[in-house]
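For reference, the structure discussed in these notes is given below.
Computed from a predicted model, the values in this text were never measured in an experiment. Just so we're on the same page: letters track the sequence lines, and every chain starts at 1.
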Number of protein chains: 2
Amino acid sequence: MSDLERNEKELSFGRRLARLGAAWRRQVDRDLHEYGLTEATWRPVLYLGLLPPPVRQTDLVRALEIEAPSVARLLDVLERRDLVFRSPDSEDKRSKLVSLTEKGERTARQVRHAVEAVSSRLLQGISTPELQACYSVFERIEANLCQRASTPAGEQA
Amino acid sequence: MSDLERNEKELSFGRRLARLGAAWRRQVDRDLHEYGLTEATWRPVLYLGLLPPPVRQTDLVRALEIEAPSVARLLDVLERRDLVFRSPDSEDKRSKLVSLTEKGERTARQVRHAVEAVSSRLLQGISTPELQACYSVFERIEANLCQRASTPAGEQA
DNA sequence: CGCAAATGGTTTGTATGCTTAATAACTGTA
DNA sequence: TACAGTTATTAAGCATACAAACCATTTGCG
């Protein structure tokens, strides 16, 4: 195991990010599993409870940062479970407004609660300045991301 | 967009982690797409180039931190593309040793190069102490993860 | 006005992951 | 040796994401 553990310590920053992010989400998933919310279905519900209405599907696409087809299919599932409903947008006949049902509102509160509980549990013992230091690094990485978004790998040419 | 941007700023730490991790991987993916490596198929190749042989599938499972069936299927793909091959393990007839083909070796070098390039680009302008501060936070979050891995959401009971 | 381009949504096909269950081989103990 | 439990791999089925292609509507420009 020592070989593996050595390796773990030297994981790249990117790897650590992905690892931790996945583990974090898994915690929330586990807590929400008992509410019948599998995997990532809780995210649309959460954001529908946070975004100021009216919420179009496109707004969800931007908030959830997943593609439109993924949102459409998730909403199909949530609609079938009577957590959300779609209504026509009188402003724009192409778009649909998405809202939480009453059951969805209750679920959204539970989701918010679970998300906050996991967050405060996992951040236990970490000071605000430390968190801010992390955020500062994150922001600079994001800035670097936008910098030259598509450099081909072989710049030795 | 201002509403959305406000929201962005207040994203929970977990959300930030997932976002950044995904964006980071997307950078690598983009750079490696031209080598025909889609999505996460480059990871087994990378690790096969890093782990000391002999490498069994189980070793890859631990290194990649994905489940055994996922590894098996990825290896099927990579084997079909002539990047890796499986051979019987004389030590243990249950297991199979996985190795890079010559083409696989070349690809592994390209992957390593791309991964390192993305890493150094994205970490540009971030000092070592800052990185270490992040790692320190990450490690404490990981410790909290292990703490009580499955607390039900409703602890108000 | 009228047509091209952009935008919102859905459908389809593919990729990747997990869980559960099956199969084969190893390990340890009586 | 024999049998129970563990471990390595594979198989099958489900969930979730993306990209490409499609339709309907809106927008913008001549």
ask   = Heavy atoms, side chains only, cut-off 4.5 Å: are A:Leu60 and A:Leu74 in contact?
value = no

Enclosure of B:Lys93 NZ (heavy-atom neighbours >12, cutoff 6.0 Å) = no

Every protein N/O within reach of nucleotides 22-27 of chain C N/O, cut-off under 3.5 Å:
| from | atom 1 | to | atom 2 | distance (Å) |
| --- | --- | --- | --- | --- |
| C:dC26 | OP1 | B:Lys93 | N | 2.7 |

query = Quick one: side-chain contact (heavy atoms from CB on, under 4.5 Å) partners of B:Arg109, sequence neighbours excluded?
reply = B:Glu105, B:Arg106, B:Arg112

message = Listing request: all salt bridge (Lys or Arg N to Asp or Glu O under 4.0 Å) pairs with a residue in residues 66-77 of chain B, at least two apart in sequence or in separate chains.
response = B:Asp76-B:Arg86

ask   = Backbone N or O of A:Val115 within a donor-acceptor pair of the A:Ser119 side chain at under 3.5 Å?
value = no

inquiry  = Expected output check: what is the dot-bracket annotation of DNA chain C, where ( ) and [ ] are pairs inside the strand (brackets for crossing ones), | is paired with another strand, and pairs are Watson-Crick or G-U under 3.5 Å?
reply    = ||||||||||||||||||||||||||||||

query = Using a distance-only test with no angle check, is there a side-chain donor-acceptor pair under 3.5 angstrom linking A:Arg140 and A:Ser136?
reply = yes

inquiry  = Once you apply a heavy-atom cut-off of 4.0 Å, does A:Ser70 come out as touching a base, just sugar-phosphate, or nothing?
reply    = base

query = How is B:Ser95 classified with respect to the nucleic acid when contacts are heavy atoms under 4.0 Å: base, sugar-phosphate, or nothing?
reply = sugar-phosphate

inquiry  = Please check this pair: side chain of A:Ser95 against backbone of A:Asp89, looking for a donor-acceptor N/O pair closer than 3.5 Å.
reply    = no

task = Could you walk me through whether A:Leu78 and A:Val98 pass side-chain contact (heavy atoms from CB on, under 4.5 Å), step by step?
result = CA-CA 11 Å; A:Leu78 295 174; A:Val98 187; over 6 Å; no

Between protein and nucleotides 10-16 of chain C, what N or O pairs are separated by less than 3.5 Å?
| from | atom 1 | to | atom 2 | distance (Å) |
| --- | --- | --- | --- | --- |
| C:dT10 | OP1 | A:Arg86 | NH1 | 3.0 |
| C:dT10 | OP1 | A:Lys96 | NZ | 2.9 |
| C:dT10 | OP2 | A:Gln57 | OE1 | 3.2 |
| C:dT10 | OP2 | A:Gln57 | NE2 | 2.7 |
| C:dT10 | OP2 | A:Arg86 | NH1 | 3.1 |
| C:dT16 | OP1 | B:Thr38 | O | 2.6 |
| C:dT16 | OP1 | B:Thr38 | OG1 | 3.1 |
| C:dT16 | OP1 | B:Ala40 | N | 3.4 |

key: Side chain proximity check, B:Arg25 to B:Trp42, heavy atoms < 4.5 angstrom   = yes

key: Lys/Arg-Asp/Glu bridge criterion (N-O < 4.0 Å) met for A:Arg56, A:Asp59   = yes

N/O donor-acceptor pair under 3.5 Å between B:Arg16 side chain and A:Cys134 backbone = no

inquiry  = Does A:Val45 form a side-chain contact (heavy atoms from CB on, under 4.5 Å) with A:Tyr35? I'd like the steps, not just the answer.
reply    = CA-CA 12 Å; A:Val45 174; A:Tyr35 296 116; over 6 Å; no

remark   = Note: chain A reaches DNA chain D at heavy-atom distances under 4.0 Å over the stretch, first to last nt, 5' to 3', of D:dA15 to D:dT26

key: Test: A:Glu65 and B:Arg15 ion pair at under 4.0 Å   = yes

request  = Please state how far atom CD1 in B:Ile66 lies from atom P in C:dT19, giving the value in whole angstrom units.
outcome  = 12 Å

